[in-house]
Number of protein chains: 4
Amino acid sequence: MKPRKYRQPQGKYLEHRQHVRVRFQEVDSLRIVWHGHYLSYFEDARVSFGQKYQLDYLDIRHAGYIAPIVHISCDFIAPASYGDELEITIRLLYRDSPKLDYFYEVRRLPDRELLATGRTIQILTDHKGNLMLTRPSFLRNFYSRHENRWMDNHE
Amino acid sequence: MKPRKYRQPQGKYLEHRQHVRVRFQEVDSLRIVWHGHYLSYFEDARVSFGQKYQLDYLDIRHAGYIAPIVHISCDFIAPASYGDELEITIRLLYRDSPKLDYFYEVRRLPDRELLATGRTIQILTDHKGNLMLTRPSFLRNFYSRHENRWMDNHE
Amino acid sequence: MKPRKYRQPQGKYLEHRQHVRVRFQEVDSLRIVWHGHYLSYFEDARVSFGQKYQLDYLDIRHAGYIAPIVHISCDFIAPASYGDELEITIRLLYRDSPKLDYFYEVRRLPDRELLATGRTIQILTDHKGNLMLTRPSFLRNFYSRHENRWMDNHE
Amino acid sequence: MKPRKYRQPQGKYLEHRQHVRVRFQEVDSLRIVWHGHYLSYFEDARVSFGQKYQLDYLDIRHAGYIAPIVHISCDFIAPASYGDELEITIRLLYRDSPKLDYFYEVRRLPDRELLATGRTIQILTDHKGNLMLTRPSFLRNFYSRHENRWMDNHE
């Protein structure tokens, strides 16, 4: 197995940060957050990102599309506990294809220790389930609307 | 607070039993099932009951109705742990009104120790949200279809 | 079935309010919050209450006790949807017995429409599981520490 | 993005199959299973595998170890709906290192259409959190105990 040194995704991206507090019912019998709940934290961050940049699930639906998730992954570095306040950094990578490709970092406040990193990929279909092969106009508009806010990452 | 001696509901009822195994992720940091998950066990039992007696969520929807839950309650007697096999007994009480009134018992196998009891009440509305004040035909048919299977409880 | 007119609990109480935003994954196929998730909202409010008044799960554990839930109930008046911002009002009722008796109201912001009301009751045991019959010192201290903050409800 | 053609993992493995029925509360507002719940299905399959082969969370704990998850991934091919009966195939890959490396396939019955594939990786630590660098005796015993049951996959 390759070492899982964390490298930030390369290229242009839009970024947002969201705070989440670990719920009692998210902690398992080992007194750490059960791994599956990180996907809830990612979902929360994605919802918050979508509301900030008008790329919410409802925005996409009103444009006539659905964005099903086709891939998730998460690597765990250190556990989170009950009451921890977490900072989720979510970055949407710039893609020429009609995909929504998000990267995530989960850090514990106040010291910002890195606990986990993750990724989700969504494709776009219309309401009949037809796969989009090029970026529909709502997505092109989204890209140009935020043209000056994309950041660039060179390591 | 009144003592919560458990008394079985009185009157005619239809009964079903469903087995559930406690999932790892349902157990909290005290190593017992988090109380909210009992509502999942009730839901599982209700789904299984519905499939047995043709009173599933989909049966109700196809008849043109929705059955939103308006009341839940649960009393906890002893905790359940990871790996426990639970037997959920669900009983639909005979009601003249257009309500679905279910009672639940949660017992641990193999000794059938009583762990919890509960109740859920659903009302019926049409798809526009109008409350049904009398039993719609699908519900009358359900009652008569199982006429000979209702049991009666006299303590 | 009795009418479920909502009456605020009577007597002295401590109050706290907590905001919760409905998560995408809490909404079911009817596009409303699945009823079981209200117990998560109650738990969130109880945790926040405990942190404000030093009656958290960890405070109780450090004092040598556990506070298992023995009763939950919830009545649903109107549904919540994805993205709704909810205000949870939690009130701890003044009790002479060693019980934690909480009442809840769930309201949708900004208009504060009442969506649901609920109650949870916890008993106290020591770490060996022995039931407390009188209020242990940590609970008496909690009561006296907040003596001037108890509110009184006369309808 | 690389094409995500599904290729079965290569090498020796132990296999188990587990059936799961989709719960009402696992389906989101798009009427498909919310992606995060697949990690529950994987957990269910892993628990069932562990009970069959004596590699359960409790077996590991009694041996003096913990097996935290350090990686999860899942690729989604087709959605699952309420009431679907799913077959989860779980395979533990033979590894010389002290890791538990599981692969998963989720298929819908009765036609066994492939809906998703996934992977989880666990490391081993002792109860003080020290990482195991070689396989502890309980794991070597597990390997030799099932020596004749390992299957081999050559594509």
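Within every chain, numbering begins at 1; the chains are lettered A, B, ... in the order of the sequence lines, protein sequences first and strands thereafter. Side-chain atoms are counted along with the backbone in the values below, which use heavy atoms only and exclude waters and symmetry mates.
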For residues D75(A) and V70(D), determine if any side-chain heavy atom of one lies less than 4.5 Å from a side-chain heavy atom of the other.
-> no
Where on F42(A) is there a heavy atom nearer than 4.5 Å to chain D: the side chain, the backbone, both, or neither?
-> neither
Could you state the interatomic distance from CG (L30(A)) to CZ (R61(D)), rounded to the nearest 0.5 Å?
-> 7.5 Å
Honestly, the part of I66(A) sitting under 4.5 Å from a heavy atom of chain D is side chain
At a heavy-atom separation under 4.5 Å, does Y57(D) approach chain A through its side chain, its backbone, both, or neither?
-> side chain
If we only count heavy atoms from C-beta on, is the I72(A) to F76(D) side-chain gap below 4.5 Å?
-> yes
Side chain, backbone, both or neither: which part of T120(A) has an atom under 4.5 Å from a heavy atom of chain D?
-> neither
Say you draw a straight line from NE2 of H71(A) to SG of C74(D); how long is it, rounded to the nearest 0.5 Å?
-> 9.0 Å
When rounded to the nearest 0.5 Å, the distance separating CD1 of I69(D) from NE2 of H35(A) is 3.5 Å
